[in-house]
Every structure is written in structure tokens, then in C-alpha cells.
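Shown next, in C-alpha cells, is the structure this report addresses.
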2 protein chains.
Amino acid sequence: MTATRVLIVDDEQLVRAGLRMILQSAADLEVVGEAGDGAQALRAVAEHRPDVVLMDIRMPGTDGLTATRQLADLANGPKVLVLTTFDLDDYVFRALQAGASGFLLKDTPPLELLNAVRVIAAGEAMLAPTVTRRLITHYAADSRDRRKQTALHRLTALTDRESEVLVAVGRGWPNAQIGRELYMSEATVKAHVSKLLEKTGSTNRVQVAILAHEAGLLG
Amino acid sequence: MTATRVLIVDDEQLVRAGLRMILQSAADLEVVGEAGDGAQALRAVAEHRPDVVLMDIRMPGTDGLTATRQLADLANGPKVLVLTTFDLDDYVFRALQAGASGFLLKDTPPLELLNAVRVIAAGEAMLAPTVTRRLITHYAADSRDRRKQTALHRLTALTDRESEVLVAVGRGWPNAQIGRELYMSEATVKAHVSKLLEKTGSTNRVQVAILAHEAGLLG
DNA sequence: GCGAACCGCTACTTTCGTCGGGGGTAGCCG
DNA sequence: CGGCTACCCCCGACGAAAGTAGCGGTTCGC
């Protein structure tokens, strides 16, 4: 499997450097370029053909939302992961409408960011927990609408059984113990863990456990 | 291996119940009794012969420090893990002088508490990170004194290489990648991970990774 | 020089994670 | 209605990764 190509777009040099450091810690991700505003981002995309663009919203010149919209219009364009300091409602909805595949805050833990990039590169969507909660509230009014439900479902959504296994993995339990506690065979536990790996974009249970903790599922 | 027997000493019913819940999640630990003050604790120890006593300091009647001192005087007495809300210097030093094997704050994450109980049952010592830092500061004045250094060393003390591996495990890296990044064979990585398991009282790398995060070693 | 601690390694056992598949339920459609 | 599709939950088997046990080599203080 060849590495996922990532372009970093942010007006602050320091932020770009920090993101680059984080991304470089992952062997399966490659930073192919940086840009300081939306216009530069479009040129950089044409030049470097990234799979994923990490996009800041607030930037001088062409802002991130405009750039995201333009990238979304491209045939075979990159996925866009919006990364911003504030989770204002306005930003979230406009970013998603502009075609972003994900929305994370800048205080997101590094590992979660890496997972988000992987998930998005795989064609799925990824939102920050607070953003997800807001989306749910937003959709709550017409929660009977099945299309919107399933759309939400594809974002994070673990099944009941998967959630139980997630917590158990987060406690550091081995599969055999999880099986005993949840009344299923070890083989089934493994199947659920595999699903969790796939859905979270992780490559092993350690990363899943850490995500569980960062999501506040455990003490 | 037979289960480690634990006695819970705290004047608040709710706290005792919470601790009991946490301890019961571990198959290798067994809560053999509870006590509401120091005097009850002594009687309960005589009756139930616990391996480890979880001891609150502030209690009506006989306080935790006094009880700890009395338990430490017993031949073949239990190890005492002091558990308190405040990490006042005074408490820490007096508790350790009284013969406590460990000192944790009540906001310690459950998993870390479990590890602390295991480590202490094994005859080692375990302090909360903030307490450790204070101890180091305390000893810093005469840091050339080797005896005190090694004494400190036996408490938490990971070697340089182990610390590097710990961080890598905390990132969720597989052993092969850790080996490449740190220039050692995968076999050596495993040896270091085994040492980490032993020193932290964990049974697998997931728990170690979580501890690394809770200790603030990673984002 | 001897013991203690650290680092590194090989060889072996145990646990993980993947692959493929069976059985059940619910919606969709001709 | 049957047949199709899409999940979800469950399982056995097998290669891959993790973890254990044990052994050389080095350094450093006694």
C-alpha cells in the first residue's frame, strides 16, 4: 500500500510545522506540500496531487471555505479535512456544505488527527466529537427521516456490540477476557475488533484503546 | 496465581463503593473487606489478612497516618497504599515515613489505580506523578547522593531506552516500527516492552499505552 | 575481579487480526 | 408473495504480531 499524500494549508508557519511533525510520525502518510492561503492551496493541489488536504478556515486572501468549495468542484480532487480553532456552528455547516469530508478542532490529539486523515483518505467522513453532538442535535428535529439518519450513521456510528467491545479494549482487556465478559467466543471478539479498526482507521488495538480514552469513554 | 487481597479503608460509603467497583473489574484482585476508620481497619486486617490496604488519610477517629504506622509495625503486615484528595507535602512525607508503599490522589484514573495495587502487592512502590515530581525536587538539593538516587530510581524509574519505547508504544506503533525508529531489532523492542509491563504492573501493551497517555507523555 | 544494571539478541509460546462463511432480521421491488 | 440487498452478530482456521525465557556483552561502582 502506497502512502497517503497530504497537503497542509494554514497561514501560520508554526502551525504548519507542527502538523508536519505529527503527520511525519506516521509511516503511511506523506506530506507532499504546504500552502499559506486558499489560492496557493489550489496551485499546490494541481502540482502535488494530494489525497487529503488539511485546510484551515481563517486565512488572509482566499479563505478555507472558498478553497474547499473549489477543490470539491474538481474532478478527482482531494478530500478536504477542515481544521480550525473554533467550532462555531456556522463554520461547521458551511464547511460540510462546501464539500469537506471532515471537521476537526486544532486541539485534537495528534493520534486522532492521524486517524482522521486515514479515515478520510479511505472515503469515509470524520467529525470532532463536539461537532458530531451538534449535528445530532441539528438532526434531532426530524429524526424520523431515514436518509439523514443513515447519513449520520456512516460518520462515526458503532453498533451496540462494537461499542461494548470498544470499552473493553480501552480497559486493556485481552480478547479472551472480553469474550467471557460479553458472552461471545474469542473469534467473535476478534471480528468486532477488526470492525473497530476499520471504522476508526486504526491499524491495531492500541490505537483503538487510546481513541476510546480520548473520546471520554473511560476514566 | 491466586488473587491479591485488598482492604478498602475510607470514611465515605460512596468512595468505598466506587473503589470496590474499580477493583472488581480486575480478575486478579479481590476486595476482602472495608473499614470506615483506622481502628476498624486494624481489626479488619487481623480478620481478613489482606495483601494491600487502600487507606484514606482524613478520617474521623483514628486517622489514616496513625493506622498506617500501626500496620507497618506488624510482622507480615499488609502493604499500604495511601489514597487522598490532596497532595499536600506534609501528607506525602508523613505517609511515606509512616511506612506507606504508595501515595495516589483520588482523581487517579481507575486503570492506574489497579496497576498501583499490583505493583505494590509485588513489593514495589508507586507514587502519583505530581508526588514523584515533588520528591525529585526535594532530593534535588543533594542529587549527588547515590543512595537516595537509587532509592528514587526503584520507584518509577524507567531507563532511557525504556522511556523511548514507552512513548512509541503510547503512539500505538507496532514493535517492528519501533525498532526501525529507535535503531534496534524487533526482539530488543520486545524485551523493553516486557520490562515496561513488569515495571508498570501491566499485562499487555494496551495498558502501558494508556498509562503513557495518562502520565501526560503524549498529546 | 565481581556483582548489578543496562542493552541487545535468538528461540519459543501465546495472543492478535484477517479471511471466509453461516444464520438472522428488515427494507425494497418486481 | 418471493427474491434481493444490506446489516448485524456470530464462529473456525490460519498467518502475523506480541510477549516470555534465557543468554552474551558492556559499563561502572565496590
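We name chains A, B, ... by the order of the sequence lines, and we start the count at 1 in each one. Computed from a predicted structure; not experimentally measured.
- One can place CD of A/E164 at 14 Å from P of D/dC8, the figure rounded to the nearest angstrom.
- Mapping B/S185 and A/K190 onto DNA chain C via the closest heavy atom, the residue that lands nearer the 5' end is B/S185.
- If you measure from atom CD1 of A/I178 to atom C1' of C/dG17, you get 13 Å, rounded to the nearest angstrom.
- Taking 4.0 angstrom as the limit, A/R161 places a side-chain polar atom (N or O) nearer than this to OP1 or OP2 of D/dC10.
- In this structure, B/E162 atom CD and C/dC6 atom C1' are separated by 8 Å, rounded to whole Å.
- Within a 6.0 Å radius of CZ in A/R20, more than 12 heavy atoms belonging to other residues, nucleotides or ligands are found.
- Spacing between atom CD of A/Q207 and atom P of D/dA18 amounts to 11 Å, rounded to whole angstrom units.
- Among the atoms of the strands shown, base atoms are found under 4.0 Å from some heavy atom of A/S194.
- Atoms NZ (B/K195) and P (C/dC7) sit 10 Å apart, rounded to a whole Å.
- Straight-line distance from the CZ atom of A/R180 to the C1' atom of D/dC10: 19 Å, rounded to whole Å.
- The side chain of A/N204 lies closest to C/dG17 when the candidates are C/dG17, C/dG8, D/dC9.
- Checked against C/dG8, D/dC11, D/dA18, the side chain of A/T188 finds its nearest nucleotide in D/dC11.
- The closest donor-acceptor contact from the side chain of A/N204 to the backbone of B/G172 lies under 3.5 Å.
- Judged by distance alone, the side chain of B/R161 and the main-chain N or O of B/L182 form a donor-acceptor pair under 3.5 Å.
- The CG atom of B/L182 sits 12 Å away from the P atom of C/dC7 (whole-angstrom rounding).
- The pair A/E162-A/K195 fails the salt-bridge criterion, with no side-chain N (NZ, NE, NH1 or NH2) lying under 4.0 Å from an Asp/Glu carboxylate O.
- Among the nucleotides C/dC16, D/dA18, D/dC10, the one closest to any side-chain atom of B/R205 is D/dA18.
- Between the CD atom of A/E186 and the P atom of C/dC16 there is a distance of 6 Å, rounded to whole Å.
- Under the 3.5 Å distance criterion, the side-chain polar atoms of A/R5 are matched with a main-chain donor or acceptor of A/H48.
- Taking 4.0 angstrom as the limit, A/N175 places none of its side-chain polar atoms (N or O) nearer than this to OP1 or OP2 of C/dT15.
- Taking 4.0 angstrom as the limit, B/H192 places a side-chain polar atom (N or O) nearer than this to OP1 or OP2 of C/dG8.
- For B/A187, counting side-chain heavy atoms from C-beta on, the closest listed nucleotide (C/dT18, D/dC9, C/dT10) is C/dT10.
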